[in-house]
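Some notes on the structure that comes next.
Each ligand, and each atom within it, is numbered from 1 in the order the structure gives. Below, all heavy atoms of this structure are taken into account, side chains as well, without hydrogens, waters or symmetry copies.
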Amino acid sequence: MKTVKLHDKVFEISIERAKIEKAILSIAEKLNDEFIDKEPPIFLSILNGSFMFTSDLLKMLNFNSEVSFLKLSSYSGTSTTGEVKELIGFNKNIEGKIVIVLEDIVDTGITLEKIIESLKSHNPKEIRLATMLFKPEAYQKSMKLDYVGMEIPNDFIVGYGLDYDELGRNLPDIYTLKK
Ligand code: 5GP
Ligand code: MG
């Protein structure tokens, strides 16, 4: 079993790159069907974790779109703190536009709820949610996730943009914390 060591912890490979790419492609295909003759939406990518997902997804799309980035964080170490910081430096005009939020992973859903609340005050026409990964067992909210790449168990993972205290984001496969 392939493993990586990040700081004090060991992680085992759990989802290979090809499988992640297939999951992203499934989102892209759905978007390509739905946006073929719609106005260009704005993708809002949530940093830092979503950078790799965003880059891969956008290259698979065949309609016009804008992309912008939002920064915030709710995680410290390997368990959620339940505290979500404010959106940092958001100055994009989204009024009257279709916004598609791009998340790396939805866990409890607290982060996403906070983002949606903040975005609503900017009067977009519509907000849709897309996430590469989703942990259904951890989810505490009722917001509908419009585009989900893959459902995963409630374990702490790294790779493909996701970090453990800032390490591991560059890994092209996903790894799970070894028990
Ligand atoms: P939520 O607010 O839904 O509980 O958590 C969302 C955020 O927590 C994600 O955007 C991500 O940054 C982080 N997160 C949730 N689960 C994991 C995980 O398994 N690994 C890592 N590295 N980050 C996670
Ligand atoms: Mg994140």
Side-chain angles (χ1 to χ4, degrees), residues 1-17 19-21 23-24 27 42-58 67-90 92 99-120 127-179:
M1 178 75 84
K2 200 172 165 192
T3 61
V4 289
K5 187 159 189 279
L6 304 172
H7 301 294
D8 57 330
K9 300 205 187 312
V10 178
F11 296 82
E12 282 179 336
I13 196 161
S14 54
I15 311 172
E16 302 215 348
R17 178 185 197 156
K19 203 170 164 192
I20 304 164
E21 280 166 358
I24 298 175
I27 296 178
I42 300 180
F43 287 99
L44 276 188
S45 171
I46 312 304
L47 294 172
N48 293 324
S50 300
F51 77 95
M52 219 178 261
F53 167 47
T54 301
S55 165
D56 286 352
L57 177 71
L58 265 58
V67 61
S68 193
F69 298 86
L70 273 185
K71 190 157 166 92
L72 49 86
S73 80
S74 67
Y75 252 59
S76 157
T78 59
S79 74
T80 184
T81 59
E83 281 173 40
V84 182
K85 293 175 192 160
E86 295 299 309
L87 305 187
I88 298 168
F90 183 70
K92 183 90 184 163
V99 171
I100 305 173
V101 176
L102 299 182
E103 261 287 26
D104 48 357
I105 186 165
V106 174
D107 186 304
T108 60
I110 293 168
T111 308
L112 201 53
E113 183 170 74
K114 170 82 191 178
I115 293 166
I116 308 278
E117 269 171 33
S118 305
L119 291 179
K120 275 186 181 159
I127 301 173
R128 299 191 189 194
L129 312 172
T131 187
M132 176 170 73
L133 302 167
F134 176 45
K135 294 181 183 173
E137 294 158 31
Y139 198 53
Q140 301 171 4
K141 304 290 171 184
S142 54
M143 296 163 294
K144 179 175 152 268
L145 304 174
D146 303 281
Y147 312 92
V148 174
M150 205 187 298
E151 294 191 353
I152 61 165
N154 192 11
D155 298 315
F156 185 77
I157 57 152
V158 294
Y160 224 88
L162 291 128
D163 71 307
Y164 167 49
D165 284 349
E166 297 308 327
L167 296 185
R169 295 193 193 278
N170 59 300
L171 296 166
D173 306 286
I174 286 175
Y175 291 73
T176 301
L177 180 62
K178 204 172 164 185
K179 285 177 186 145

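- Within the 4.0 Å heavy-atom cutoff, V158 does not count among the residues contacting ligand 1.
- Distances between N or O atoms of T111 and those of ligand 1 include at least one value under 3.5 Å.
- Atoms of ligand 1 lying under 4.0 Å from at least one heavy atom of I110, given by number and element, are 2 (O), 3 (O).
- Rounded to the nearest 0.5 Å, atoms CG (L102) and CZ (F43) are 6.0 Å apart.
- Of all atoms in ligand 1, numbered sequentially from 1 with element shown, those under 4.0 Å from a heavy atom of D163 are 21 (C), 22 (N).
- Distances from atom 20 (N) of ligand 1 to the heavy atoms of L162, I157, T176, V106 show the closest one on I157.
- Taking every heavy atom of both residues into account, Y139 and T108 meet most closely at CD1-O, 3.6 Å.
- If you run side-chain contact (heavy atoms from CB on, under 4.5 Å) between F11 and each of L6, L171, T176, only L6 comes through.
- Close approach to E103 involves these atoms of ligand 1, each under 4.0 Å from a residue heavy atom: 10 (O).
- Taking every heavy atom of both residues into account, I13 and M1 meet most closely at O-SD, 3.6 Å.
- Set against the non-hydrogen atoms of K135, the atoms of ligand 1 under 4.0 Å away are 16 (N), 17 (C), 18 (C), 19 (O).
- I157 contributes atom CD1, which lies 9.5 Å from atom CG of D107 (distance to the nearest 0.5 angstrom).
- Ligand 1 is never approached by G49 to a heavy-atom distance shorter than 4.0 Å.
- Close approach of ligand 1 to D155 is summarised as follows: ligand atoms under 4.0 Å from at least one heavy atom of the residue are 19 (O).
- Separating the CG atom in N48 from the CZ atom in F69 is a distance of 11.0 Å, to the nearest 0.5 Å.
- Contact annotation for I46 and ligand 1: no heavy atom of the residue comes within less than 4.0 Å of the ligand.
- Side-chain atoms of K114 never come within 3.5 Å of backbone atoms of I116 as a donor-acceptor pair (strictly under, hydrogens ignored).
- Using a 4.0 Å cut-off to heavy atoms of T108, the atoms of ligand 1 that qualify are 1 (P), 2 (O), 3 (O), 4 (O).
- Judged by distance alone, with hydrogens and angles left aside, the side-chain atoms of D146 form a donor-acceptor pair with the main-chain N or O of L129 at under 3.5 Å.
- Not a single heavy atom of L112 lies less than 4.0 angstrom from ligand 1.
- Using modelled atom types, no side-chain atom of K178 and backbone atom of K9 make a donor-acceptor pair closer than 3.5 Å.
- The closest approach between F156 and ligand 1 falls below 4.0 Å for a heavy atom of the residue.
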